[in-house]
There are 2 protein chains.
Amino acid sequence: MGNKSNNLLLGALEMLVLKSLLTEDRHGWGISKRLKQISSGAFTLNVGSLYPALYRLEKKGLVESYAATSEKGREARFYKILPKGKQQLEEHTADWREFSLAVEAVLLSDS
Amino acid sequence: MGNKSNNLLLGALEMLVLKSLLTEDRHGWGISKRLKQISSGAFTLNVGSLYPALYRLEKKGLVESYAATSEKGREARFYKILPKGKQQLEEHTADWREFSLAVEAVLLSDS
DNA sequence: TTAGATATTTCGAATATCGAAATATAAGTG
DNA sequence: CACTTATATTTCGATATTCGAAATATCTAA
């Protein structure tokens, strides 16, 4: 699909992850539970996709991570969204909406 | 992204292609122009993605193709959606909507 | 004749997905 | 105590698709 933001579709996961980090730092496991909860179970992230996505985000400088103790008293790696991540989140959100509106326009059209 | 229909995201292209074949048979080029038009330019399909997608759809028995003369007097391969394709279109449309609503729910949430 | 529109094919590089399994620790249950 | 469940992360390979680009071909219009 040849859209503005090259990986709009594949980037959806990253967008959702960034969004879930907006209000508080979370670890991978927490992100997974959070997204599942908010989406009413529609998203069941595969950890084999989620954790690599987190590494990518960090490598790209969109988030940073640190070790800390989770709410359950376990060691966990927490992720914090960085300014660059917030910016990309905004852009991807706008792109996503444009894209999904366009999809809907096609789905609703007569042909 | 671990959703019901395995390739919901990547399957968007196929869904849009099937949709554009619902009211009339079209050739690849025509599908491309049609989707671009209806989406107000949001979609600019890469032919390197579109034609392979068409082959896949045919191989899966969702569409069938035949050679004919285009409106512009050129030889072209027209694609016709088959019952199985209509069925999949319905399923993928439902899945897509569920998915995009869930994404929107996350994007609108406080966290 | 030169360019632009129409139409399809093919290529390789890059990347992400997926499911699955392995690892580890803490808490709770029988 | 043994066992299971919840928490949390890492890593793997197979598979599939995307993308950009370029090659081909024909017709029309300037």
Side-chain angles (χ1 to χ4, degrees), chain A residues 1-17 20-21 25-37 43-60 62-63 65-79 92 95 99, chain B residues 1-17 20-21 25-37 43-60 62-63 65-79 92 95 99:
Chain A
M1 199 104 282
N3 262 66
K4 255 194 299 196
S5 81
N6 237 354
N7 274 335
L8 204 155
L9 289 172
L10 298 174
L13 172 59
E14 293 188 4
M15 176 179 73
L16 296 173
V17 167
S20 77
L21 294 178
D25 299 356
R26 298 179 194 277
H27 43 81
W29 189 260
I31 291 169
S32 172
K33 299 209 85 175
R34 183 71 181 154
L35 288 178
K36 191 170 183 172
Q37 180 199 6
F43 301 136
T44 308
L45 305 196
N46 188 321
V47 297
S49 300
L50 176 59
Y51 287 98
L54 253 6
Y55 308 150
R56 283 201 300 280
L57 290 172
E58 183 157 33
K59 203 160 115 186
K60 289 192 273 184
L62 306 181
V63 303
S65 71
Y66 55 93
T69 302
S70 79
E71 326 74 52
K72 309 286 179 174
R74 303 290 176 70
E75 268 183 46
R77 178 144 296 271
F78 282 75
Y79 290 86
H92 280 21
D95 290 346
F99 177 76
Chain B
M1 198 104 285
N3 263 68
K4 255 194 301 195
S5 81
N6 236 355
N7 274 335
L8 204 156
L9 288 171
L10 298 175
L13 173 58
E14 294 187 4
M15 176 179 73
L16 295 173
V17 166
S20 77
L21 294 177
D25 299 356
R26 298 180 194 276
H27 43 82
W29 189 259
I31 291 169
S32 173
K33 299 210 84 176
R34 183 71 182 157
L35 289 178
K36 191 170 184 173
Q37 181 200 5
F43 301 136
T44 309
L45 306 195
N46 188 321
V47 297
S49 300
L50 176 58
Y51 286 99
L54 252 7
Y55 308 150
R56 283 202 300 279
L57 289 172
E58 183 158 31
K59 203 161 116 185
K60 289 192 273 183
L62 305 182
V63 304
S65 72
Y66 56 92
T69 302
S70 79
E71 326 75 51
K72 308 286 181 175
R74 303 287 175 73
E75 267 183 47
R77 179 144 296 270
F78 282 76
Y79 290 86
H92 280 20
D95 290 346
F99 177 77

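Each chain gets a letter, A, B and so on, in the order its sequence line appears, and its residues count up from 1. In this text, all values refer to a predicted model and were calculated from it rather than measured experimentally.
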> Between C:dA20 atom P and A:Leu50 atom CG, what is the distance in whole Å?
Replying inline: 18 Å

> What is the distance from CZ of A:Arg26 to P of D:dT7, rounded to the nearest Å?
Replying inline: 14 Å

>> Can you see if the side chain of A:Ser49 gets near the phosphate of C:dA16 - specifically, an N or O under 4.0 Å from OP1 or OP2?
In response: no

> In Å, rounded to the nearest 0.5 Å, how long is the span from NE2 of A:His92 to CG of A:Leu62?
Replying inline: 8.0 Å

> Just how far, in rounded Å, is C1' of C:dA5 from NZ of B:Lys36?
Replying inline: 13 Å

>> Can you identify which nucleotide, out of D:dT17, C:dG19, D:dA21, has its nearest atom closest to the B:Arg56 side chain?
In response: D:dT17

> Whole Å only: how far is the CD atom of A:Glu75 from the P atom of C:dA26?
Replying inline: 9 Å

> A:Tyr55 near the nucleic acid: base, sugar-phosphate alone, or nothing, with a heavy-atom cut-off under 4.0 Å?
Replying inline: sugar-phosphate

> When you check every protein heavy atom under 4.0 Å of nucleotides 22-29 of chain D, what one-letter string (B, S, -) results, 5' to 3'?
Replying inline: ----BB--

> Mapping A:Ala53 and B:His27 to their closest nucleotides on DNA chain C, which lands nearer the 5' end?
Replying inline: B:His27

Identify the pairs formed between an N or O of the protein and an N or O of nucleotides 13-15 of chain D at a distance under 3.5 Å, and give each distance.
none

> By salt bridge (Lys or Arg N to Asp or Glu O under 4.0 Å), which residues pair with A:Lys72, not counting sequence neighbours?
Replying inline: none

>> How many whole angstroms separate atom CD of B:Glu58 from atom P of C:dT8?
In response: 12 Å

>> Using the side chain to side chain donor-acceptor pair (under 3.5 Å) definition, which of the options B:Arg77, B:Glu71, B:Arg74 pairs with B:His27?
In response: B:Glu71

> Does OP1 or OP2 of C:dG19 have a side-chain N or O of A:Asn46 closer than 4.0 Å?
Replying inline: yes

> Which of these nucleotides, D:dT9, D:dA21, C:dA7, is closest to any side-chain atom of A:Tyr51?
Replying inline: D:dT9

> Who are the salt bridge (Lys or Arg N to Asp or Glu O under 4.0 Å) partners of B:Lys36, not counting sequence neighbours?
Replying inline: none

> Quick one: A:Arg77 CZ to D:dT11 P, roughly how many Å, whole number?
Replying inline: 12 Å

>> Going by the rule side chain to side chain donor-acceptor pair (under 3.5 Å), which residues pair with A:Lys60 if we only count those two or more places apart in sequence or in a different chain?
In response: A:Glu14

> So, the side chain of B:Arg26 versus the backbone of B:Ser20: is there a donor-acceptor pair under 3.5 Å, distance only?
Replying inline: yes

>> Between C1' on D:dT17 and CG on B:Leu57, what's the gap in Å once rounded to a whole number?
In response: 13 Å

>> Which label fits A:Phe99 and B:Phe43: parallel for a plane angle under 30°, tilted from 30 to 60°, or perpendicular past 60°?
In response: perpendicular

>> My understanding is that only residues two or more places apart in sequence, or in another chain, count here; which of them pass side chain to side chain donor-acceptor pair (under 3.5 Å) with A:Glu75?
In response: none

> What nucleotide among D:dC19, C:dT8, D:dT18 has an atom nearest to a side-chain atom of B:Trp29?
Replying inline: C:dT8

> In whole angstrom, what separates B:Glu14's CD from D:dT17's P?
Replying inline: 7 Å

> For B:Gly48, which contact category applies under a 4.0 Å heavy-atom criterion: base, sugar-phosphate, or nothing?
Replying inline: base

> Reckon B:Lys33 has a side-chain N or O less than 4.0 Å from the OP1 or OP2 of C:dT6?
Replying inline: yes

>> Can you list everything that forms a side chain to side chain donor-acceptor pair (under 3.5 Å) with B:Ser32? Sequence neighbours excluded, please.
In response: none

> Roughly how far apart are B:Leu54 CG and B:Leu21 CG, rounded to 0.5 Å?
Replying inline: 7.0 Å

